[in-house]
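Per chain, numbering begins at 1; letters A, B, ... match sequence-line order. These values consider heavy atoms only, across backbone and side chains, with no hydrogens, waters or symmetry-generated copies. None of the values given here were measured: they were computed from a predicted structure.
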Number of protein chains: 2
Amino acid sequence: MEHTVETYKFFFGALANPNRLQIINVLRGNKKNVGEICQITGFEQTMVSHNLKTLEHHGMVFMEKKGKFRYYTVNKKTIKPLLELIDAHMKEYCCKLLEGEKRK
Amino acid sequence: MEHTVETYKFFFGALANPNRLQIINVLRGNKKNVGEICQITGFEQTMVSHNLKTLEHHGMVFMEKKGKFRYYTVNKKTIKPLLELIDAHMKEYCCKLLEGEKRK
DNA sequence: ATATCATATGTTATTTTAGTCATATATGGA
DNA sequence: TCCATATATGACTAAAATAACATATGATAT
């Protein structure tokens, strides 16, 4: 299925970036506005905004305006089971491999 | 969790590529050797080998030698539920978005 | 109306990733 | 042993993704 491959690439592309993943991780707890995300991660504001836009565009996070703030929430329905699945995978297949990566 | 972010990036990085996804898709049916994968996909042999190596390194596929052939199988335990999860996500959040992508 | 704070957008330079080409290794058969 | 087939590896280039910078927009308060 050609369509399917493009679909998956769209999905994974959004998540194959450490900064976006870290943002997701921060949002796993509670909704946060951009400034809060910057503060917690130490990332620069424009970079965070760019990445939030990508994540929102892919349905990974949702946005809600509140005065001059914008609050972002993670899409728990997708992200939670997804990360759990990955945890299980990594535990079983990749633990040593990742160690190797780090040394590079 | 710093470790977790690197872990997830490792995972998604392997899958954020259309050719690798297509190879996975081909392997979803049955185990196949490199030549067969090339034939089915129309991809060049060295490219397929490179990508299979990446997939194997990430625990997404397994390899089994048989004479001068090497048979690859997809890691169904991870891949199957993963793709199902993504199907559900895309259906709910991304159907129009993907259409937009195609026009670019 | 303007100043300030919060966030977004456009552009560019840099880094990362991927594919290709040339070549190497491994296996089995004559 | 030598050849053919199957697959892997290394190096190089091209293309895509990313972060950083400059700037714009939107909102609130004064």
Side-chain angles (χ1 to χ4, degrees), chain A residues 5-6 8-24 26-27 31-58 60-73 97-98 100-104, chain B residues 5-6 8-27 31-58 60-73 97 100-104:
Chain A
V5 165
E6 279 311 306
Y8 294 147
K9 138 84 174 158
F10 181 79
F11 183 93
F12 291 120
L15 297 172
N17 173 287
N19 294 345
R20 282 197 289 276
L21 289 166
Q22 196 161 339
I23 290 169
I24 285 176
V26 166
L27 292 177
K31 70 171 66 175
K32 301 227 167 21
N33 65 47
V34 179
E36 290 171 328
I37 297 170
C38 291
Q39 206 184 331
I40 294 169
T41 58
F43 294 160
E44 201 212 352
Q45 180 265 316
T46 62
M47 188 264 265
V48 170
S49 281
H50 275 297
N51 282 323
L52 282 170
K53 192 188 175 190
T54 300
L55 290 172
E56 191 186 10
H57 182 227
H58 288 74
M60 308 290 178
V61 305
F62 307 119
M63 192 266 283
E64 180 193 350
K65 290 188 182 183
K66 206 162 194 175
K68 51 181 174 175
F69 299 93
R70 293 188 180 203
Y71 281 85
Y72 287 87
T73 42
L97 305 176
L98 236 190
E101 286 297 295
K102 282 179 187 163
R103 248 167 251 123
K104 274 199 289 195
Chain B
V5 165
E6 279 311 307
Y8 293 147
K9 140 82 174 160
F10 181 79
F11 184 93
F12 291 120
L15 296 172
N17 174 285
N19 294 346
R20 281 197 290 275
L21 288 166
Q22 195 161 339
I23 290 170
I24 285 176
N25 201 42
V26 166
L27 293 177
K31 70 171 64 174
K32 304 229 165 22
N33 65 49
V34 179
E36 291 171 328
I37 297 170
C38 291
Q39 208 183 332
I40 294 169
T41 58
F43 294 160
E44 201 213 351
Q45 180 265 314
T46 61
M47 188 264 264
V48 170
S49 281
H50 276 298
N51 282 323
L52 282 170
K53 192 188 174 190
T54 300
L55 290 171
E56 191 187 10
H57 182 227
H58 289 74
M60 308 289 178
V61 305
F62 307 119
M63 192 264 285
E64 177 192 354
K65 290 188 182 182
K66 206 162 196 178
K68 52 180 174 174
F69 299 94
R70 294 190 179 200
Y71 281 85
Y72 286 88
T73 42
L97 305 176
E101 288 295 296
K102 280 177 186 164
R103 250 168 251 124
K104 275 200 288 196

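Put simply, CG on Leu52(B) is 13 Å from C1' on dA6(D), counting in whole angstrom units. A straight line from CD of Glu64(B) to P of dA6(D) spans 18 Å, rounded to a whole angstrom. Note: CG (Asn51(B)) to C1' (dT17(C)) measures 11 Å, nearest angstrom. Distance CZ (Arg70(B)) to P (dG28(C)): 12 Å, rounded to an integer number of Å. Atom P of nucleotide dA18(C) and atom CG of Leu55(B) are separated by 10 Å, given to the nearest angstrom. Phe69(B) places its CZ atom 11 Å from the P atom of dT5(D), with the value rounded to the nearest Å. Residue Tyr72(A) contributes atom OH, which lies 15 Å from atom P of dA6(C) at whole-angstrom precision. Rounded to an integer number of Å, the gap from Arg20(B) CZ to dG19(C) P is 7 Å.
Applying the ring-ring contact (aromatic ring centres under 6.0 Å, His included) criterion to Tyr71(A), with sequence neighbours excluded, gives no partner residue.
Lys68(B) has no side-chain polar atom (N or O) that falls below the 4.0 Å cut-off from OP1 or OP2 of dC3(D). Contact annotation: Lys66(B) does not reach the phosphate of dA26(C) (side-chain N/O to OP1 or OP2, under 4.0 Å). Considering only side-chain N and O atoms, Asn17(A) lies under 4.0 angstrom from the phosphate OP1 or OP2 of dT18(D).
Taking the six-membered ring wherever Trp is involved, the centroid distance between the rings of Phe10(A) and His58(A) falls below 6.0 Å.
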Which atoms of nucleotides 9-14 of chain D (N or O only) lie under 3.5 Å from a protein N or O atom, and what are those distances?
residue, atom, partner, partner atom, Å
dG10(D), O6, His50(B), NE2, 2.8

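When heavy atoms are screened at a 4.0 angstrom cut-off, Lys32(B) is found touching no nucleic acid atom at all.
Here the side chains of Ile37(A) and Leu27(A) are in contact, with some heavy-atom distance below 4.5 Å.
Rounded to the nearest 0.5 Å, atoms CG (Leu15(A)) and OH (Tyr8(B)) are 11.0 Å apart. Here CG of Asn25(B) is found 15.0 Å from CZ of Arg20(B). Values are rounded to the nearest 0.5 Å. Atom NZ of Lys9(B) is separated from atom CG of Leu21(A) by 9.0 Å, given to the nearest 0.5 angstrom.
The residue among Asn33(A) and Ala16(A) whose nearest nucleotide of DNA chain C is located toward the 5' end is Asn33(A).
Distance from the side chain of Asn19(A) is smallest for dA19(D) among the nucleotides dG19(C), dA19(D), dT27(C).
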Decide yes or no on salt bridge (Lys or Arg N to Asp or Glu O under 4.0 Å) for Glu64(A) and Arg70(A), but give the supporting numbers first.
CA-CA 6 Å; Glu64(A) 180 193 350; Arg70(A) 293 188 180 203; over 6 Å; no

